[in-house]
Amino acid sequence: MAELPEVEIITQDLKKTIIGKKIKRIEEICPENLRRKSSIGLNEILNKKITSIKRRGKYIVISFSKGYSLLIHLGMTGHLFYKRGREPINKHDLLIFDFLSGKNRLIYNDIRRFGSVTVVDSAVLQKLNIFNKMGPEPLMVTKEEFLRIFRNRKSKIKSLLLDQKIIAGLGNIYADEALFQAKIHPEERANTLSEKKLEMLRGSIKRILVKAIQEGGSTIINYCNLFGEEGKYQNYHKVYSRKGLPCALCGTTIEKIRVSQRSSFYCPKCQKKGNI
DNA sequence: CTGCATGTTAGGTT
DNA sequence: CAACCTAACATGCA
C-alpha cells in the first residue's frame, strides 16, 4: 500500500499537524492485533513533546523529548488518520491517540495487520539494525553510491529494487514504473547494466518519486493521506497493473510476469532484454 | 471455492 | 557472504 511517496506524504501531513504536541492518552483497541518490534510499552511516550517527525525508507519516525521514538511501518494496509473530535471506532482501528490540547485524534488502522507500531529508545534506534541495514534513500543517493550498489550484483534488477537492504523505500509500483521509464527489462541482471543505464535508472527513480509525491501518491485500493484524501499518481502509471493495455509510448500490450514471487508489469517492446 | 494483492522477515538450500 | 526460494502473517476482493 504505502511505498516511499505515500509514507513521505503522511510524514509531511503529520509534521503539519502534531509536531510540538503531547499525547495524553493512547487507546489500544485490540492490543493482541498490533505488531511491535520491541517490548517498550506505548505509554512511555505519553506527556512528552513531539520534537521531530521523519521518514526513513517506508518507516515513519516520530521522536519525543526525553529520548523515545515511535516507529511506524504501514505494511500493506496500515493507515493513519487525523480526525476531528470523537468519531465512532471503525473496523480495524487499532490505536487512538488523544492529545493534551485540542480535540483532534490520531487513528491507526490496519486491515491486514502487516504494519507495526513500536516505541524505541532513541539512542537504541541509532544502533538498530532496521536503519543501519537499510540501503540509501533513493532521493538522496549519489551516482557513485548507486553504481557501487548495483554494478557487481548478479540478481535481477527488479528484485534488487524491492530489497530494502539495497535501496530503501521502493515497492512494486514504483520499481515497475522506474524500470519502464529507464527502458530496462525487470529480469535484467544488475551487473550487466552499463554505468550509463544505471545512471538513467537512478534519474528515473528520482523523477517518478518526486512526481508521485507531488500528485499525492498512488491510490490503488485504499491508500489515502492523513486527512482521508486519495492520491492521483495512479493516473500516471504507465505499466503497473496495466496488463493487457497498450503501452503509452509504443502501443504494445503490457505484460505481467513473476519476478521473485512478485508480479512485474512491463512493456515487452520498450523494455527488451539486452537493452543495457 | 480459488487465486491474488501495494510488505517484511525468518529460515532454509545451493 | 550472495542468491534464491518458501512460508508466515490476515483480510478482502474478483
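Throughout, protein chains are lettered first and strands after them, A, B, ... in sequence-line order, and every chain is numbered starting at 1. Side-chain atoms are counted along with the backbone in the values below, which use heavy atoms only and exclude waters and symmetry mates.
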Sugar-phosphate, base or nothing in reach of Q261(A), heavy atoms under 4.0 Å: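 Base contact.
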Sugar-phosphate, base or nothing in reach of S263(A), heavy atoms under 4.0 Å: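 Sugar-phosphate: the residue S263(A), judged by heavy atoms under 4.0 Å, touches backbone atoms but no base.
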Is any side-chain N or O of [X] closer than 4.0 Å to OP1 or OP2 of [N]?
{"X": "S155(A)", "N": "dC4(C)", "result": "yes"}
{"X": "R189(A)", "N": "dC4(C)", "result": "yes"}
{"X": "Y240(A)", "N": "dT6(B)", "result": "yes"}
{"X": "R35(A)", "N": "dC9(C)", "result": "no"}
{"X": "T219(A)", "N": "dT6(B)", "result": "no"}
{"X": "R258(A)", "N": "dG3(B)", "result": "no"}
{"X": "H92(A)", "N": "dG12(C)", "result": "yes"}

Length of the line joining [X]:[atom1] and [N]:[atom2], which is rounded to integer Å:
{"X": "K165(A)", "N": "dA3(C)", "atom1": "NZ", "atom2": "P", "result": "11 Å"}
{"X": "N90(A)", "N": "dT11(C)", "atom1": "CG", "atom2": "C1'", "result": "16 Å"}
{"X": "L161(A)", "N": "dA3(C)", "atom1": "CG", "atom2": "P", "result": "14 Å"}
{"X": "F114(A)", "N": "dA7(C)", "atom1": "CZ", "atom2": "P", "result": "15 Å"}
{"X": "K37(A)", "N": "dG7(B)", "atom1": "NZ", "atom2": "P", "result": "14 Å"}
{"X": "L160(A)", "N": "dC1(C)", "atom1": "CG", "atom2": "C1'", "result": "15 Å"}
{"X": "D110(A)", "N": "dG12(C)", "atom1": "CG", "atom2": "P", "result": "11 Å"}
{"X": "R262(A)", "N": "dA7(C)", "atom1": "CZ", "atom2": "C1'", "result": "15 Å"}

Criterion side chain to side chain contact (heavy atoms under 4.5 Å, CB included) against L34(A), the qualifying member of D110(A), L42(A), I29(A):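 Single pass found, and it is L42(A).
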Heavy-atom donor-acceptor pair, R112(A) side-chain to dA10(C) base, under 3.5 Å: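 Result: at least one qualifying N/O pair found.
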N/O donor-acceptor pair, side chain R153(A) with base dA2(C), under 3.5 angstrom: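 Result: no qualifying N/O pair found.
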Validation row, ring centre Y108(A) to ring centre F81(A) under 6.0 Å: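 No, ring centres 6.0 Å or more apart.
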Choose from [options] the nucleotide whose nearest atom is closest to any side-chain atom of [X].
{"X": "H73(A)", "options": "dG7(B), dA10(C), dA5(B)", "value": "dG7(B)"}
{"X": "K154(A)", "options": "dA3(C), dG12(C), dT6(B)", "value": "dA3(C)"}
{"X": "K256(A)", "options": "dT6(B), dC9(C), dC4(B)", "value": "dC4(B)"}

Y223(A) ring over dT6(B) six-membered base ring, under 5.5 Å and 30°: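 Here Y223(A) fails the 5.5 Å or the 30° condition.
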Counterpart base for dA10(C), defined by Watson-Crick or G-U wobble contacts under 3.5 Å: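 dA10(C) is paired with nothing.
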Identified pairing partner of dT6(B), criterion: Watson-Crick or G-U wobble below 3.5 Å: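 Paired with dT6(B), as far as the under-3.5 Å criterion goes, is no nucleotide at all.
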Whole-Å C1' distance, dT6(B) and dC4(C):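 The same atom, C1', in both gives a distance of 22 Å.
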Between dT6(C) and dG3(B) - P atom distance, rounded Å: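 The same atom, P, in both gives a distance of 15 Å.
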Residues N172(A) and K158(A): side-chain donor-acceptor under 3.5 angstrom: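 Indeed, the side chains of N172(A) and K158(A) share at least one donor-acceptor pair under 3.5 Å.
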Neighbour count above 12 (heavy atom, 6.0 Å) for Q214(A) CD: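 Result for CD/Q214(A): enclosed.
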Could you give the distance from [atom1] ([X]) to [atom2] ([Y]), rounded to the nearest 0.5 Å?
{"X": "L14(A)", "Y": "I50(A)", "atom1": "CG", "atom2": "CD1", "answer": "8.5 Å"}
{"X": "D176(A)", "Y": "S264(A)", "atom1": "CG", "atom2": "OG", "answer": "4.5 Å"}
{"X": "K196(A)", "Y": "L201(A)", "atom1": "NZ", "atom2": "CG", "answer": "14.5 Å"}

